[in-house]
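A quick write-up on the structure given underneath.
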Number of protein chains: 4
Amino acid sequence: MNPTSDSKRDASGDARREQIKRAALKVFARRGLDGTKMSMIAAEAGVSDGLAYRYFKSKDDIFEMLVREAIDGANEAFETIGRLSVSPLERFRALTKEIIEDENNDYFVLVQQVMSADSLPKEVAQLIEGYSTLRMIDQMAPVFADGQRDGVFIDGDPRELVMWYLTVLSGLMLVDRSLLKDYRPPQTDFLLNLIVKPRQEQGV
Amino acid sequence: MNPTSDSKRDASGDARREQIKRAALKVFARRGLDGTKMSMIAAEAGVSDGLAYRYFKSKDDIFEMLVREAIDGANEAFETIGRLSVSPLERFRALTKEIIEDENNDYFVLVQQVMSADSLPKEVAQLIEGYSTLRMIDQMAPVFADGQRDGVFIDGDPRELVMWYLTVLSGLMLVDRSLLKDYRPPQTDFLLNLIVKPRQEQGV
Amino acid sequence: MNPTSDSKRDASGDARREQIKRAALKVFARRGLDGTKMSMIAAEAGVSDGLAYRYFKSKDDIFEMLVREAIDGANEAFETIGRLSVSPLERFRALTKEIIEDENNDYFVLVQQVMSADSLPKEVAQLIEGYSTLRMIDQMAPVFADGQRDGVFIDGDPRELVMWYLTVLSGLMLVDRSLLKDYRPPQTDFLLNLIVKPRQEQGV
Amino acid sequence: MNPTSDSKRDASGDARREQIKRAALKVFARRGLDGTKMSMIAAEAGVSDGLAYRYFKSKDDIFEMLVREAIDGANEAFETIGRLSVSPLERFRALTKEIIEDENNDYFVLVQQVMSADSLPKEVAQLIEGYSTLRMIDQMAPVFADGQRDGVFIDGDPRELVMWYLTVLSGLMLVDRSLLKDYRPPQTDFLLNLIVKPRQEQGV
DNA sequence: TATGAATGAGCATTCATTCAT
DNA sequence: CATGAATGAATGCTCATTCAT
């Protein structure tokens, strides 16, 4: 009879959940798991301390869910990029843009935090196990090799070079973006210099 | 009367102090300020839980002192590099090596942690205020400009390019170095690609 | 104007109140004051979490009211038994049956819980003060003495023997009735052995 | 060289542990698991709130350990009684005395609480599973049957009569012993009336 | 009336810091 | 000096109670 009321109820619940999740993501991305107090998340979301527990079982639970979503998102992004029918260079450009220029890259930051953390809740540790830069490397290394064959990328072991490139991108996510006034993050083309082979046209 | 005993006492005291400081540096660099418990430092140093308080006023105090030393060390490194009478490229190579390849770069990691942290003890925040990548940039930008004039470095605003390069190096310090088996950090020459201008000789 | 609507409203209100009270009694009797959450009562009553507060001021208030009713009921039961024109033995038999065999003895269980609790809301503590096994003892001791005179009950101080007997009955209310499969609570006649004087007829 | 210092250290640790355990037993026995706050235990033991956690992992952990000891103690008591080479009546008398008159019967009270509780920590629930009045019944039923053959105990199914008797004893443990001024718990011989067969000598 | 989301005080637990030995 | 037991403030989490709908 009144599906609206039902969906509204759900919608309101989901909205709250989203609101708290977004707040948590923001704080976690900035301060890490240990540095984040539940009261910070509640304050950031503009709700009371207790309310988060209506939507999440525990602080670790929120963290885990965010990491799960972050990993899913990252994998998805990689697959999307893998499906683009463009040149290897363009694929790496897309990847770099996605990671560096995306305004909402708190998710990426979170993944990096997690991967460079020294101790994690069991659940999260398992998630990471399954994830891993490895998969990214496996996906991008063949693309890189193609680029090498085209003479576009520098010579060397594709897996190692990709790993290095991803490491650089990873590191950038961990650097506080508000370090300096007038700070602009490194531009995509600047970073691509790391792997793009110099050509005569460029050189002259 | 017995200067030996006094100096011994001091020496022993200093040794203890050093021992605890080193342990703290190691743990802080790996786990951050919040993630580090005093008991971890004590365990790492192989001393009792209470002993650190004979040598340091508080956990924050240890952290502050380490950050202070790290900043001093970084500045010193930069100055040393500045005084080298070698080409701009060699200076950037030396800088990169120092940061990336130095085994004992926990100090650098610490500085980066601090600079990407969102909340810090007052004292440390002030230290950082005074420090800053700014000084590094001020120091390296002219060197970079020299390199540009020599046709060795890529074109663009020297301050911005230096900032980007330092940002990349900073990021690398924050990435967990044990992410993958067979992991090797990016090599110095790989990173220099970011700023080195391609030449025909390289290209062909 | 419309007394029906009013009384209906009252009736409906009373019904709700009863419904919640019954649910509360059931849960309190099984889990005690501390072990009972308001949400358990609401779930047991099949209403929303907040509704109880339209009918009762607080959790303690529900508890107090139940204890009050329990005490009233117990006193009434005692008085009813006191008014029976039967032999002392039959009166004790009736009392025992009432307490042990009555299916709806949650009230008795509640009183016992309260009396063996160490800390209670002020209000309840006062109720208990006024109540007390003492009154029961006062009521039953003369009956017991009558029974002794008839040679039906064992010798000894009537007040103490009654107190002991009531203590045994009280204890039985606190024992979980689902301890064992095939469990049957002690039968009335078994318990009466405690106070009934053996006779030759029985002995032989 | 100085075994005393070592054993002293242990002794002091064990003493603290014991002190806290005793305090916890006292409070748990009186107030139950839910009704007991860690602060009560700490206060009862005369130590700070945090100290208990140096000796026990959690509140549930203390409770579990106490229940374990209580069960062990109960089993031991039953075995001891089983090994007495005395008449069945004397065995039941000893059992009753042990439970009712022992000053330190907080352990028994604890077991009874646990067995009549409606929800328990997993660990404790498992302990209870393994325990059970069943074992007691199995141990005492043959003794009871012997007593019946001697004409000392009343007729009926030995297992059921023993169960009833133990139920009565269990209940007594749950009754607050400070209910009334001048309160004396039921005496052993009073309780034995439940199962002892009247004889002519008694009757006359 | 009835609902259940929201609040915040209270309790369990952790950990920086102190201090008797 | 060194130890590690002890303290208590801070933080995660629960649940009685309120209130907008």
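Each chain gets a letter, A, B and so on, in the order the sequences are listed, and its residues count up from 1.
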Whole-Å distance separating the [atom1] atom of [X] from the [atom2] atom of [N]:
X: F28(A); N: dG12(F); atom1: CZ; atom2: P; value: 9 Å
X: I62(A); N: dC13(F); atom1: CD1; atom2: C1'; value: 12 Å
X: M40(A); N: dC13(F); atom1: CE; atom2: P; value: 15 Å
X: I20(D); N: dT13(E); atom1: CD1; atom2: P; value: 14 Å
X: K59(B); N: dC15(E); atom1: NZ; atom2: P; value: 9 Å
X: R17(B); N: dA2(F); atom1: CZ; atom2: C1'; value: 17 Å
X: R31(B); N: dC15(E); atom1: CZ; atom2: P; value: 11 Å

Nearest to side-chain heavy atoms of [X], which nucleotide of [options]:
X: L51(B); options: dT13(E), dA2(F), dT7(E); value: dA2(F)
X: V47(A); options: dA16(E), dT17(F), dT7(E); value: dT7(E)
X: M38(C); options: dA16(F), dT7(F), dT14(E); value: dA16(F)

Roughly how far apart are [X] [atom1] and [Y] [atom2], rounded to 0.5 Å?
X: F56(A); Y: L66(A); atom1: CZ; atom2: CG; result: 7.0 Å
X: I20(A); Y: Y55(A); atom1: CD1; atom2: OH; result: 6.0 Å
X: K59(B); Y: I41(B); atom1: NZ; atom2: CD1; result: 7.0 Å

Want to settle it: does D34(C) or G50(B) sit nearer the 5' end of DNA chain F, counting the closest nucleotide to each?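 Its nucleotide being nearer the 5' end, the pick is G50(B).
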Counting the atoms with a prime plus P, OP1 and OP2 as sugar-phosphate, which does Y55(A) contact under 4.0 Å by heavy atoms, base, sugar-phosphate, or nothing?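 The answer is sugar-phosphate, as Y55(A) gets under 4.0 Å only of primed atoms, P, OP1 or OP2.
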Are side-chain heavy atoms of [X] and [Y] found at a separation under 4.5 Å?
X: D60(B); Y: L33(B); answer: yes
X: Y53(B); Y: M38(B); answer: yes
X: D106(B); Y: R22(B); answer: no

With a 4.0 Å limit, can you tell me whether [X] has a side-chain N or O closer than that to the phosphate oxygens OP1/OP2 of [N]?
X: R16(C); N: dA2(E); answer: yes
X: K37(D); N: dC11(E); answer: no
X: R54(C); N: dA2(E); answer: no
X: Y53(B); N: dT17(E); answer: yes

Restricting to non-hydrogen atoms, name the atom on V111(D) and the atom on A70(D) that form the minimum distance, rounded to 0.1 Å.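 In this case the closest contact between V111(D) and A70(D) is CG2-CB, 3.4 Å.
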Using a 3.5 Å limit for the pairing distances, which stems of at least 3 consecutive Watson-Crick or G-U wobble pairs does DNA chain E take part in?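 Stems (3+ consecutive pairs) listed as E:2-21 with F:2-21.
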Tell me which one of K26(A), K21(A), R30(A) satisfies salt bridge (Lys or Arg N to Asp or Glu O under 4.0 Å) with E44(A).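 For E44(A), the salt bridge (Lys or Arg N to Asp or Glu O under 4.0 Å) test succeeds with only one of K26(A), K21(A), R30(A), which is K26(A).
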Want to settle it: does D60(B) or G46(A) sit nearer the 5' end of DNA chain E, counting the closest nucleotide to each?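 Taking each residue's closest nucleotide, the earlier one in sequence belongs to G46(A).
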On DNA chain E, check which nucleotide each of T36(D) and D49(A) is closest to and give me the residue with the more 5' one.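 Of the two residues, D49(A) wins.
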